[in-house]
J.: 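Quick one: the structure is below, and I'll ask about it shortly.
We name chains A, B, ... by the order of the sequence lines, and we start the count at 1 in each one. Everything quoted here is computed from the prediction, not taken from an experiment. Basis for what follows: all heavy atoms, side chains included, without hydrogens, waters or symmetry-related copies.
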Amino acid sequence: MSLIGGLVAILTCQLAGEFLVELFALPLPGPVLGMLLFLIALLVRRPGPDSGLVRAGDGLLVHLQMFFIPPAVGVVVHAALIGQHWLPIVVGMLASWAVTLLAIGGIAQLLARFAPKGEPT
Amino acid sequence: MNPDAAAQAVLDSPLFGLTVTLGAYWVGLRLWRALGRTALAHPVLTATALIAGVLALSGISYEQYLIGGQLITFLLGPATVALALPLYRQFTQVRRAALLVVGSVLVGSVIGVISGYLITSWLGGTRELALSMAPKSVTTPISVALAERIGGIAPLTAVITVVTGIVAAVVGPALLTLFRITDPRARGLAMGGASHGIGTARALQESETAGAFSGLSMGLSGLTTSLIIGVVLTWIAPLG
């Protein structure tokens with residue numbers, strides 16, 4: 001499959017995801033459902049590393065972090081509010097994030113003792 | 001010849017936001033490489049500071065910047081879909097780890113909401129601020145929708161969500177190592193579950209396994225947080 005074919009497949013998965021979320025009023029965003037649909041497509045088609053599906057997907061993931069820059073700049077709009085309530089906002093965000101991160105990581109690592117590593121059998 | 005009109009015409013086109021974002025990110029990447037790829041010089045952090053500085057100095061509004069900026073943010077959707085790719089390549093591993101994925105993400109979603117609300121309240125935040133903080137662990141489109149539903153300030157939640165992700169990308173891996181969380185699956189689950197897409201982008205740099213579990217964790221925690229946030233909040237914060 002060509003690169004364009006891969007992009008069409010990814011966009012179609014997102015489109016279908018957004019449509020189904022609207023249709024059934026599901027509590028998750030369209031792209032996350034699209035990710036699930038794309039995973040099913042990948043598992044069915046089993047594309048190799050040279051396939052357009054893989055190249056298009058990897059192309060989008062290389063600079064995934066860049067797509068978050070415009071919403072991050074929105075911090076300037078709320079600078080006054082944040083400055084006024086910086087303690088609960090900044091410290092609350094940092095503390096709550098750290099607790100959540102370590103809770104998930106700690107529990108996962110504890111449970112990992114019961115789950116075998118994924119070496120191919 | 002009218003320089004003001006010419007500048008206005010350029011500013012009203014998406015070209016301005018696109019160029020500034022790509023340019024700032026390019027500078028951010030170069031600085032990051034020049035400083036030996038240290039997490040402290042995370043390119044998104046540099047780029048955000050640069051653009052915020054440009055807007056503040058020039059007096060150009062955020063809305064004007066977003067004419068082009070939103071074209072870049074739009075790509076978040078297709079990129080989220082593409083997160084199925086690391087999941088596909090690691091599918092055997094992911095399937096075997098179903099127990100630790102579901103267990104950790106479920107508990108993590110509850111802790112994320114409770115800690116966001118309570119810590120903000122304890123530090124003197126108003127109920128509105130605490131409600132804006134509660135959904136911050138999950139990906140921006142969900143956190144914003146949830147903030148609206150529970151009575152938080154949705155645009156503030158958007159900013160807090162993205163900044164949480166940047167913080168995670170900068171200090172997350174070091175914090176996990178400090179607490180001896182070394183299993184790549186656990187590291188990925190933690191990054192994606194507590195800090196959504198930017199956390200996942202960072203986990204992908206660490207290893208394909210961490211990236212796959214992070215993408216999965218991000219999707220799953222978005223779903224579980226949406227389902228539990230109402231129940232958890234009525235439990236810890238009955239309407240005053």
J.: Judged by atom type as modelled, is there a donor-acceptor pair below 3.5 Å linking the side chain of B/Y88 to the main-chain atoms of A/V54?
T.: no

J.: Measure distances from B/L129 to the heavy atoms of chain A and classify the residue's part below 4.5 Å as side chain, backbone, both or neither.
T.: side chain

J.: By a 4.5 Å heavy-atom criterion (distance strictly below it), what part of A/L7 contacts chain B: side chain, backbone, both, or neither?
T.: neither

J.: Checking B/L220 against chain A: side chain, backbone, both or neither under 4.5 Å from a heavy atom?
T.: neither

J.: So A/Q14 and B/T80, side chain to side chain contact (heavy atoms under 4.5 Å, CB included) or not? Walk me through it.
T.: CA-CA 9 Å; A/Q14 188 186 351; B/T80 303; over 6 Å; no

J.: Any luck finding a side-chain donor-acceptor pair between B/S137 and A/W97 under 3.5 Å?
T.: no

J.: Is any side-chain N of the basic residue among A/R113 and B/D183 closer than 4.0 Å to the acidic one's carboxylate O?
T.: no

J.: If you round to the nearest 0.5 Å, how far is CZ of B/F91 from CZ of A/R46?
T.: 8.0 Å

J.: Would you find a donor on one side and an acceptor on the other, under 3.5 Å apart, between the side chain of A/Q109 and the backbone of B/R187?
T.: no

J.: Contact part of A/L94 toward chain B, heavy-atom cut-off under 4.5 Å: side chain, backbone, both or neither?
T.: side chain

J.: Under a 4.5 Å cut-off applied to non-hydrogen side-chain atoms, are B/S132 and A/I89 in contact?
T.: no

J.: For B/M218 and A/M35: C-alpha separation, side-chain torsions, deciding distance, then whether side chain to side chain contact (heavy atoms under 4.5 Å, CB included) applies.
T.: CA-CA 11 Å; B/M218 175 186 118; A/M35 171 169 81; 5.7 Å; no

J.: Between B/I119 and A/M93, is a side chain to side chain contact (heavy atoms under 4.5 Å, CB included) present by the stated rule, with each step listed?
T.: CA-CA 8 Å; B/I119 298 176; A/M93 176 190 81; over 6 Å; no

J.: Would you please test B/I72 and A/I69 for side chain to side chain contact (heavy atoms under 4.5 Å, CB included) and show each step?
T.: CA-CA 8 Å; B/I72 289 177; A/I69 295 172; over 6 Å; no

J.: Under 3.5 Å, side chain of A/S96 to main-chain N/O of B/G116, donor-acceptor pair present?
T.: yes

J.: If we define contacts as heavy-atom pairs under 4.5 Å, which of B/A168, B/P43, B/S109, B/A145 has the most with chain A?
T.: B/A168

